[in-house]
Each structure stands twice: as structure tokens, then as C-alpha cells.
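Notes follow the structure.
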Amino acid sequence: MYTSKRLAVDIETQPDPIAGQDMPLPEVATGNLRDPIKIQEKIDGARAAQAAQAALDPHFGRIISIGFARRHITGPEHAPIETQVFVRDDSAHAGPQAAEQALLRQAWDTLAVCAGGFATFNGSGFDLPFMVRRSLLLGVAVPKSVFSLSHFDCRHTSSEHLDVMACLHYWECGNGQSNPLRLSRSLTFYASRLLAMLPPLPVDHATLGAVFDSGDFKTLIDVNAWDATATLRLAELCEVYYP
């Protein structure tokens, strides 16, 4: 069994409907269109596509949960994975903003006491910068001693922060430049192909904001925990096979 002392981190996000009201209009090329109805339809379509991506921008999205996974080393032959998912609790605070502040503080406190390094899947390009930017916007202190956000040293297994996606992409055939089948190299793809590990639920991550709003926190927690667990297990493979 491969084991690691790393703490895997994964976040889930949703669009912020209030911030979305101030989202700049997207640029729309209307070409030779002259019909105002068709022009408006094209603008509306671009606006809808933009809104659908709001959860990926920390200025117009917000965090709904942060999941962690680590090995609980109890002996040389037994090292079960423990997961912990913090969910934004709007009901316990004065609105989503205060609840997200509390969520971020919980997460930073958890990261601050981890001494074995971190693992993410695209954490250098999304999870960690998103957390830092949301913290900046909400006035939450970030312990700079926790990790390096460098995009250049996270693909190597000796790094404090191992971005599994960066590592696996770097070691793809063609040094990460070749993907002849043009398949999505997602967390689910790698987990299924390298670990024979499938998600517990067929949930589109783009719908998790609606899942959260519906109060189905169990589904959210299950998805977030699976993502963190898959990230940790892939990091353990990387540590064995890559420098």
C-alpha cells in the first residue's frame, strides 16, 4: 500500500448571485447580424454562458465546501484514509458572507497544523488561489507559512505542494503536450484509469451549487470527500513513480 503524509485539499464553489449582478457584459461579436432580435439572442446566450462559469471566478463565485483527506497512520499495515469536509453554514451566521469567512478560517486553521505537505488536483491554478482571493475579498487572514502558491515547483513530488494534475500532465506522452484522443484529463479520468476508482454519485460539479441550495449537504459532502480522497491516492502514486 502506498501511503503519504500529505493533506489533500479540494474545494467546491457556486456562483454568487449578488456579485453576478455587477458582472461586466461579455464581448459579443455580432458579425453581419442586423436583426435586433437575433443580436439580443446572441448577447443573451453569451451572458448565460458567462454566468454558468461564475463559480470558477472568485470575484463572482463563492466557496460552499472545503474537503480534506489524509492517511491516519496506525501501523505499518493499516493506514485508512480519513476525510473531513467543512460546509458553509449560512444558517449559523449572519448570511453567506459571514458563513464563508468562518469556513475559510476553519480551512486555514486545518492547513496550518499540517506538517506533511499538501496535495491538490489543479490546486495551483484553482483551489488555493481561489481560497486566497476569497480570503482577501472577505478580510480573512491567510497564514503565509502554510504553503507556497508557486506554479513552478508544484509538479514535482519533492515539493511541499504537489499538484497532482500538474505532475501527471507533465509526465504525459509528449511531456504534457500530446493528447491525441483529446480526452478530458479530469480528476475522475485519472482516478478511474489509474486507480479503478469511480465517483460514488454521477453528479456534475457545475450543479453542486444547486445541490447546496437545496439543502442536500450529504451529496455535497460525499462528492467533496471523494475528490479529496482521489487526489490523495493519486498523489501517493505520483510519489512512487515520479521524481
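Numbering starts at 1 and runs along the sequence shown. Any value given below was found using the heavy atoms of this structure, including those in side chains, with hydrogens, waters and symmetry copies removed.
- Taking 4.5 Å as the limit, every side-chain heavy atom of V164 sits out of range of all side-chain heavy atoms of N122.
- Taking both residues in full, the closest heavy atoms of A107 and M131 are given as CB-CE, 3.9 Å, listed atom of the first, atom of the second, then distance.
- Residues F126 and L56 meet the side-chain proximity criterion, which asks for heavy atoms closer than 4.5 Å.
- Screening residues 4-34 for ring pair (Phe, Tyr, Trp, His ring centres under 6.0 Å) gives no qualifying pairs among residues at least two apart or on separate chains.
- For T13, there are no side-chain hydrogen bond (donor to acceptor under 3.5 Å, both in side chains) partners two or more places apart in sequence or in a different chain.
- A search for ring pair (Phe, Tyr, Trp, His ring centres under 6.0 Å) contacts involving F189 returns nothing, not counting sequence neighbours.
- At least one side-chain heavy atom of R6 sits less than 4.5 Å from a side-chain heavy atom of E239.
- The two atoms that bring P15 and P17 nearest to each other are O-CD, 3.4 Å, heavy atoms only.
- In this structure, F60 has no ring pair (Phe, Tyr, Trp, His ring centres under 6.0 Å) partners at least two apart in sequence or on a different chain.
- Within the structure, ring pair (Phe, Tyr, Trp, His ring centres under 6.0 Å) contacts touching residues 211-233 (residues at least two apart or in different chains) are F212-F217.
- Applying the side-chain contact (heavy atoms from CB on, under 4.5 Å) criterion to Q106, with sequence neighbours excluded, gives F86, L103.
- Grouping the Ile, Leu, Val, Met, Phe, Trp and Tyr side chains by contacts below 4.5 angstrom, directly or via other members, places V113 apart from L111.
- Of all non-hydrogen atoms in T3 and A79, the two that sit nearest each other are CG2-CB, 3.8 Å.
- Cluster membership check: W171 does not share its hydrophobic cluster with L162, using side-chain heavy-atom separations under 4.5 Å among Ile, Leu, Val, Met, Phe, Trp and Tyr.
- The two residues A191 and L234 have their closest heavy-atom pair at N-CD1, 4.2 Å.
- Here the side chains of F68 and T83 are not in contact, with every heavy-atom distance at 4.5 Å or above.
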Atom pairs and distances, donor-acceptor, side-chain atoms in residues 201-210, under 3.5 Å, two or more places apart:
residue	atom	partner	partner atom	Å
D204	OD1	A206	N	2.9
H205	NE2	D227	OD2	2.7
T207	OG1	D204	O	2.6

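- The closest side-chain heavy-atom distance from L168 to Y190 is below 4.5 Å.
- Partner of I63 under the side chain to side chain contact (heavy atoms under 4.5 Å, CB included) criterion, chosen from L104, V87, L138, D127: L104.
- Formation of a donor-acceptor pair under 3.5 Å by the E236 side chain with backbone atoms of S4 is found in this model.
- Under the 4.5 Å side-chain heavy-atom criterion for Ile, Leu, Val, Met, Phe, Trp and Tyr, V223 and L187 are members of distinct hydrophobic clusters.
- Within the structure, salt bridge (Lys or Arg N to Asp or Glu O under 4.0 Å) contacts touching residues 128-138 (residues at least two apart or in different chains) are E100-R134.
- With values rounded to the nearest 0.5 angstrom, H93 atom NE2 is found 9.0 Å from S91 atom OG.
- Between Y170 and M165, the closest side-chain pair of non-hydrogen atoms is not below 4.5 Å.
- Under a hydrophobic-cluster definition in which Ile, Leu, Val, Met, Phe, Trp and Tyr are linked whenever side-chain heavy atoms come within less than 4.5 Å, directly or via other members, F118 and L128 are assigned to the same cluster.
- A chain of hydrophobic side-chain contacts below 4.5 Å, direct or via other Ile, Leu, Val, Met, Phe, Trp or Tyr residues, connects M197 to Y241.
- Each of T229, N224, T120 was scored for a side chain to side chain donor-acceptor pair (under 3.5 Å) with D10, with one residue passing: N224.
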(Q) Go through it in stages, so that I can follow the logic: the residues are H161 and S124, the test is side-chain hydrogen bond (donor to acceptor under 3.5 Å, both in side chains), and I'd like the CA-CA distance, side-chain angles, deciding distance and then a yes or no. (A) CA-CA 8 Å; H161 170 206; S124 61; 5.6 Å; no

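- Annotation for L232: hydrophobic cluster partners, listed by chain and number, are I81 (ILVMFWY side-chain heavy atoms under 4.5 Å, direct or chained).
- Scanning both residues, S192 and L198, for their nearest heavy atoms gives CB-CD2, 3.7 Å.
- Across all their heavy atoms, A228 and A8 have their closest contact at O-CB, 3.3 Å.
- Each salt bridge (Lys or Arg N to Asp or Glu O under 4.0 Å) pair with one or both residues in residues 212-224, not counting sequence neighbours, appears once here: K218-D222.
- Atom CD1 of I18 sits in a sparse spot, with 12 or fewer heavy atoms from other residues, nucleotides or ligands closer than 6.0 Å.
- Side-chain contact check for S65 versus I11: every heavy-atom pair is 4.5 Å or farther apart.
- Classification of E172 and R185 as a salt-bridged pair holds, one side-chain N sitting under 4.0 Å from a carboxylate O.
- Considering only heavy atoms from C-beta on, R62 comes within 4.5 Å of P96 through its side chain.
- In this structure, E82 does not pair ionically with R71, as no charged nitrogen and carboxylate oxygen lie closer than 4.0 Å.
- Here the straight-line distance linking atom CD1 of I221 with atom CD of E12 works out to 11.5 Å at 0.5 Å rounding.
- Partners of S135 under the side-chain hydrogen bond (donor to acceptor under 3.5 Å, both in side chains) rule, at least two apart in sequence or in another chain, are W108.
- Residue pairs meeting the salt bridge (Lys or Arg N to Asp or Glu O under 4.0 Å) criterion with at least one partner in residues 87-99, sequence neighbours excluded, are R88-D90.
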